[in-house]
Amino acid sequence: MGNMSPEHIIGDYKEHLLQHFNSPSRTVYVTAIETPFPAGKLIVSRTDLAGNITHMNQAFVDMSGYSESELIGQPHAILRHPDMPRSVFKEIWDTASRGEKWQGYVKNLRKDGGYYWVNATVIANIRNGEMVGLSSVRRQPSAKKIAQTEAQYRQLLEQEQA
Amino acid sequence: MKYTLSICPTTPAAAMSGWYILNTYLQKKLDIAMHIEMYNDFDSQRLAFENGEIDFIYANPYDATLLIRDLGFSALNKPDDSANEVVIICKDDFSAQALTDLESGVKITTANDPATNLVAMILLESADIDASNCINIDCSSFIIAAKQVLKGEADIAFLPKAIYDKLSKIIKEQLRPLISSEISVIHPIFAASEKSQSIHSELSQALCELTLSDAGNNILSSIGIPSFSSMEQEDAEFMIDLMDTLK
């Protein structure tokens, strides 16, 4: 997963350097343009244990702004937005690894620098008693809960950056 | 051995005769004895397959986890282009123009179809409506649910898209869809018990080959399914994972 390319960005943007858990840091470009969640749809993807995307549906592709071939095999963190606290992703991994369901709001970064909020649920894929990956299903978020989550995540980010 | 086939209790009445014809067709094709057992609701059907009384079931996706992971059923086939899509309807002159206009206390009529209700309640989450702040009116069929909305006894109803699409023009003109799901990954499954394992392969193939003959195509048409595809175990596991994220 390389740095984002400024030529793909639509609108005014800010540059950020993201530190990932298991991969090198990544330069991303972020705009203030929101893409609304497609009404009535679910965004579905699966990753392997290394966090690389193995399966996605068309809504996942459409919302990301990437093509399917640009996404398959890439770390799921390709969608990580700098407004998301690192601790949330650790909590997702830890919860799913315990065999429990994680549910919460996530702000995702598009290829064009814009963003979209999702109400996500993540579970481990267990086959023959072994965890083989993660499935994530995102549904349309509520505007009220986005506002609440934004405030929580801002606080978490401040704590992480202190 | 005599086998028992059961189908989803919310199967439209118009499709019932088709399922009886399919049952007769499969008996002849596979040289087996099989009868259809109908249940009035999901609870009594669930009790029957938990008690080992059902060998084959055209099951609601909501029951896939229980059937496959807990009771050892195998998913043999899936219907093509028959996803469990849902339409939330209101009366045409209802005050809400969009889902987000719905308010706490909204009166919802449902026909106790677990997959339909699950998907519809997920759609309502974006409007901050959940089980704690709505009034649920149970009814016995989707058609009655639509009538309750028309009479103003309920604000909205949950209908499978397949049922909504078949409502008469006169009824549809008095109703308005607030939202339609486009989920596509959730669908019924044709599942088989462990004890019927010796005919799984033949039965699955017979369902896939229905499109190869006029008689088979007539049966498919009468049950409202364009064709069946075989299902790999991983297909079923994937759908179960998805259902589990939604429950």
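Protein chains get the first letters and strands the later ones, always in sequence-line order, with residue 1 at the start of each. These values consider heavy atoms only, across backbone and side chains, with no hydrogens, waters or symmetry-generated copies. Just so it is clear, the structure is predicted and the values come from calculations on it, not from any experiment.
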How about [X] and [Y]: do any of their side-chain heavy atoms sit closer than 4.5 Å?
{"X": "A/Pro38", "Y": "A/Asp62", "answer": "no"}
{"X": "B/Phe42", "Y": "B/Thr10", "answer": "yes"}
{"X": "B/Leu203", "Y": "B/Phe190", "answer": "yes"}

With a cut-off of 6.0 Å (strictly less than), are more than 12 heavy atoms of other residues, nucleotides or ligands near [atom1] of [X]?
{"X": "A/Lys101", "atom1": "NZ", "result": "yes"}
{"X": "B/Lys195", "atom1": "NZ", "result": "yes"}
{"X": "B/Glu50", "atom1": "CD", "result": "yes"}
{"X": "B/Asn51", "atom1": "CG", "result": "yes"}
{"X": "B/Glu232", "atom1": "CD", "result": "no"}

>> What part of B/Ile183 gets within 4.5 angstrom of chain A, counting heavy atoms only: side chain, backbone, both, or neither?
In response: both

> Is the gap between the ring centers of A/His8 and A/Tyr66 under 6.0 Å?
Replying inline: no

> Among A/Asn119, A/Ile146, A/Asn125, which has the most heavy-atom pairs under 4.5 Å with chain B?
Replying inline: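 Ranked by heavy-atom pairs under 4.5 Å with chain B, first place is A/Asn125.
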
> So which of A/Gln103, A/Lys145, A/His55 has the largest heavy-atom pair count under 4.5 angstrom toward chain B?
Replying inline: A/His55

> Between the side chains of B/Asp80 and B/Ser229, does any donor sit under 3.5 Å from an acceptor?
Replying inline: yes

>> Assess, by modelled atom type and distance only, whether the side chains of B/Glu153 and B/Thr109 contain a donor and an acceptor separated by less than 3.5 Å.
In response: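 No, no side-chain donor-acceptor pair sits under 3.5 Å.
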
> Okay, side chain of A/Thr54, backbone of A/Arg46: is any donor-acceptor separation there less than 3.5 Å?
Replying inline: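 Yes: the side chain of A/Thr54 pairs with the backbone of A/Arg46.
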
>> Looking at B/Ser180, is its backbone amide N or carbonyl O close enough to the side chain of B/Glu85 to form a donor-acceptor pair, meaning the two atoms are under 3.5 Å apart?
In response: no

At under 4.5 Å between heavy atoms, what parts of [range] are in contact with chain A? List them by residue number.
{"range": "residues 120-136 of chain B", "answer": "B/Ile122, B/Leu123, B/Glu125, B/Ser126, B/Asp128"}
{"range": "residues 237-247 of chain B", "answer": "B/Glu237, B/Phe238, B/Asp241, B/Leu242, B/Asp244, B/Thr245, B/Leu246, B/Lys247"}
{"range": "residues 154-175 of chain B", "answer": "none"}

>> Walk me through whether A/Arg80 and A/Val28 qualify under side chain to side chain contact (heavy atoms under 4.5 Å, CB included).
In response: CA-CA 9 Å; A/Arg80 191 176 142 199; A/Val28 297; over 6 Å; no

>> Please give me the minimum heavy-atom distance between A/Ala59 and A/Ile43, naming the atom from each residue.
In response: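 The pair with the smallest heavy-atom distance is CB-CG1, 4.0 Å.
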
At what distance, to the nearest 0.5 angstrom, does [atom1] of [X] lie from [atom2] of [Y]?
{"X": "B/Ile108", "Y": "B/Gln148", "atom1": "CD1", "atom2": "CD", "value": "12.5 Å"}
{"X": "A/His81", "Y": "A/Asn108", "atom1": "NE2", "atom2": "CG", "value": "9.0 Å"}
{"X": "A/Trp102", "Y": "A/Ile123", "atom1": "CH2", "atom2": "CD1", "value": "14.0 Å"}

> In residues 126-142 of chain A, which residues are in contact with chain B at a heavy-atom separation under 4.5 Å?
Replying inline: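 Under the 4.5 Å heavy-atom cut-off, A/Arg127, A/Ser135, A/Val137, A/Arg139, A/Gln140, A/Pro141, A/Ser142 qualify.
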
